[in-house]
Amino acid sequence: MRTSIATVSLSGSLTEKLTAASRAGFDGIEIFENDLLASPLTPEEIRARCADLGLTIDLYQPMRDIEAVPADAFARNLRRARHKFELMCRLGADTVLVCSSVHPLAVDDDALAAYHLRQLADLAQEFGIRVAYEALAWGRHVNTYTHAWRIVEAADHPALGTCLDSFHILSRGSEPKSLEGIADIPGEKIFFLQLADAPLLAMDVLQWSRHYRCFPGQGGFDVAGLVRHVLRTGYDGPLSLEVFNDVFRQADAGPTAVDAHRSLLVLQETVGVATPPAPVVPTGVAFAELVTPDAEPVAAVLGALGFARTARHRTKPVDLWQQGEARILVNTSGAARRDGTGLAAIGLESPAPAAAARRAEALLAPVLPRRRATEDAPLDAVAAPDGTELFFCATDQPELPNWRADFTDTGNQAAKGVRRIDHLALTQPWHHYDEATLFHRSVLGLQAQESVDVADPYGLMRSRAVTNPDGSVRIALSVGAAPTDDTVHAQHIALATDDVVAAARRYREAGGRLLPIPANYYEDLAARYEFADGELATYQELGILYDRDAHGEFRHCYTMTVGRVFFELVQREGYRGYGAPNAPVRLAAQHSARAVIGG
Ligand SMILES: O=C(O)c1ccc(O)c(O)c1
Ligand SMILES: [Mg+2]
């Protein structure tokens with residue numbers, strides 16, 4: 001289907017918005033009046049710019065407070081409408097949106113509303129323009145799509161139809177019954193379909209709409225369910241995103257437009273009108289790759305954690321550190337040196353790496369060059385929204401390119417209690433949180449868990465995990481509201497152990513430093529749970545935190561931070577979470593420690 005986006009959904013000047021929409025692959029745009037008023041371009045120049053960019057102007061909007069107003073106000077409305085219709089002809093836009101009146105003097109009189117809209121449609125028809133009437137959820141008298149349709153039906157004019165907006169419909173409840181009325185509207189009378197999702201918040205609906213809309217699949221509405229209803233009517237206009245959102249207003253238009261277009265690609269797949277390559281769900285973590293200007297501090301931490309350097313890349317300054325199934329690459333190549341130690345790449349075990357990459361590409365993930373030197377295994381890789389490189393790996397499968405083959409074994413062995421990577425925690429840039437979740441869910445086929453809020457002493461952090469079905473891939477995506485403090489809002493690698501006390505002791509005895517946790521935390525633990533004699537003292541000595549959910553127990557502790565990375569040792573027994581109740585204590589401890597032990 002054709003895709004479109006309202007200019008209000010993107011940041012920047014009108015030309016920046018148009019360029020971003022076109023680059024991301026949209027077919028058309030809705031011009032929001034303010035964007036036109038503020039543009040130095042003439043309507044003709046805007047029309048030409050859109051044509052150059054391959055964009056049609058699918059809607060001009062909004063006209064407000066048109067119907068059911070006093071006669072003198074309506075006369076002024078018609079005068080204003082004539083101006084706007086002339087403008088639309090210059091733009092080459094053939095559909096105008098009229099949203100239901102919020103005028104203080106508007107009367108509750110459907111016959112009058114229909115009469116006014118018919119007169120407006122008569123005028124529009126002279127200009128070859130169609131009027132799409134939309135019920136705002138907070139409209140003074142008309143605030144449901146069924147009511148708007150009754151008025152359009154009564155007005156009975158070929159140039160008058162309705163505009164359905166998923167936010168206004170679903171914000172009022174999404175019980176299956178509430179959508180049944182869509183089937184009563186003939187498809188050709190649905191002149192336009194605007195789509196937005198939103199998180200489920202209990203708040204004033206106007207504020208909710210103006211600040212918290214998000215792209216389909218990023219909130220709590222069943223937008224796909226609504227679209228299915230609309231498609232059954234025979235509607236064949238565009239799927240158009242209209243998202244008022246405080247974050248997107250500030251974020252770069254380019255990435256936002258890509259995120260937006262991805263959401264429509266996924267939506268079309270969900271409702272069965274598009275079939276991108278099927279998701280290939282990763283089955284494990286092949287490796288995590290750290291880049292660092294100085295391998296020494298990283299090597300010291302890894303060594304103390306019980307890792308051994310088991311292999312070296314044949315041609316590049318990359319070492320493989322391994323312990324059990326946990327594999328960490330340490331890359332000191334030139335390009336890696338620029339911004340200190342960080343988690344740059346994740347190798348995901350994939351049953352079909354090439355197919356996984358095709359899916360990613362179809363969903364607009366930037367595809368990375370297939371490995372870096374001619375003799376290297378040609379690995380498929382894409383970039384996540386935060387820039388993390390994701391490699392699709394088939395470790396030791398004879399028929400597929402094997403990243404392991406690029407490495408020469410050094411003969412070292414180690415297995416000191418760490419079994420595997422439990423999870424990877426990636427800090428998202430503040431404006432990429434919703435995008436990151438949708439990306440990992442749709443591109444990688446991971447499932448998103450609940451978003452949790454975590455208090456940081458200097459701001460609020462939100463965090464949400466995406467996982468594969470057996471939990472062998474867990475990625476925690478988090479974002480801070482406060483300006484990022486790299487030493488605290490760092491990425492981390494959590495390592496699974498069967499005995500966190502033994503692992504923590506071994507690490508400390510090998511010279512590693514654990515993050516100290518305040519005594520108050522342990523007093524609170526003692527109040528909440530019963531522990532064996534001496535158990536809490538041991539935890540306090542080592543900085544081990546404890547949590548429990550309906551499924552089991554969780555014990556975990558943290559290393560100090562190296563550059564922008566730290567490690568966590570976790571003992572997970574049935575527990576499904578990530579220790580969120582302990583995160584505020586951990587964040588505060590990291591702020592006060594600030595003990596960056598290297599580079
Ligand atoms: O918030 C508003 O005023 C507004 C305007 C136009 C729309 O299409 C809409 O859905 C909301
Ligand atoms: Mg709308």
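Numbers for residues simply follow the sequence, beginning at 1. Whatever order the structure lists them in is the order used to number ligands and atoms, beginning at 1.
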| task | Using a strict 4.0 Å threshold on nitrogen-to-oxygen distance, state whether Lys189 and Glu153 make a salt bridge. | result | no
| Donor on one side chain, acceptor on other, Glu242 and Gln61, under 3.5 Å | yes
| task | Check whether the side chains of Gln428 and Glu435 place a donor and an acceptor atom closer than 3.5 Å, and report yes or no. | result | no
| task | Look at atom 10 (O) of ligand 1 and say which protein heavy atom is nearest, naming residue and atom and giving the distance to 0.1 Å. | result | His168 NE2, 2.7 Å
| query | Would you say Trp138 has any N or O atom under 3.5 Å from an N or O of ligand 1, going by distance alone? | reply | no
| request: Could you tell me which atoms of ligand 1, counted from 1 in the order shown, lie closer than 4.0 angstrom to a heavy atom of Arg210? | output: 1 (O), 2 (C), 3 (O)
| request: Could you list the atoms of ligand 1 found under 4.0 angstrom from a heavy atom of Gln194? | output: 8 (O)
| task | Please check if the distance between the ring centroids of Phe167 and Trp208 is under 6.0 Å. | result | yes
| query | Should His168 and Cys99 be marked as a side-chain contact (heavy atoms from CB on, under 4.5 Å) after you check the CA-CA gap, both sets of side-chain angles, and the distance that decides it? | reply | CA-CA 11 Å; His168 297 301; Cys99 42; over 6 Å; no
| task | For ligand 1, note which part of Phe167 has a heavy atom under 4.0 Å away: side chain, backbone, both or neither. | result | neither
| note | Logged contact type for Arg213 with ligand 1, heavy-atom cut-off 4.0 Å, is side chain
| query | To the nearest 0.5 Å, what is the distance between CG (Asn143) and OG (Ser101)? | reply | 11.5 Å
| task | Please confirm whether the backbone N or O of Val452 pairs with a side-chain atom of Arg464, one donor and one acceptor, at under 3.5 Å? | result | no
| query | So, do His141 and His147 have ring centers that fall under 6.0 Å from each other? | reply | no
| Which residues share a salt bridge (charged side-chain N to carboxylate O under 4.0 Å, His left out) with Asp72, sequence neighbours left out | Arg76
| said: Taking 4.0 angstrom as the limit and counting only heavy atoms of Asp165, give me the atoms of ligand 1 inside it, by number and element. | reply: 10 (O)
| said: Does any N or O of ligand 1 fall below 3.5 Å from an N or O anywhere on Glu242, backbone included? | reply: yes
| said: Which of the numbered atoms in ligand 1 are under 4.0 angstrom from any heavy atom belonging to Leu136? | reply: 4 (C), 9 (C), 11 (C)
| note | Protein-derived N, O or S atoms sitting under 2.8 Å away from the Mg ion (ligand 2) total 4
| message | I'd like to check which ligand 1 atoms, numbered from 1 as shown, lie under 4.0 Å from a non-hydrogen atom of Gln61. | response | 6 (C), 7 (C), 8 (O)
| message | Tell me whether the rings of Phe248 and Phe215 are parallel (<30°), tilted (30 to 60°) or perpendicular (>60°). | response | parallel
| said: A cation-pi test, strictly: NZ or CZ of Arg213 under 6.0 Å from the centre of the six-membered ring of Phe244 and no more than 45 degrees from its axis. Yes or no? | reply: no
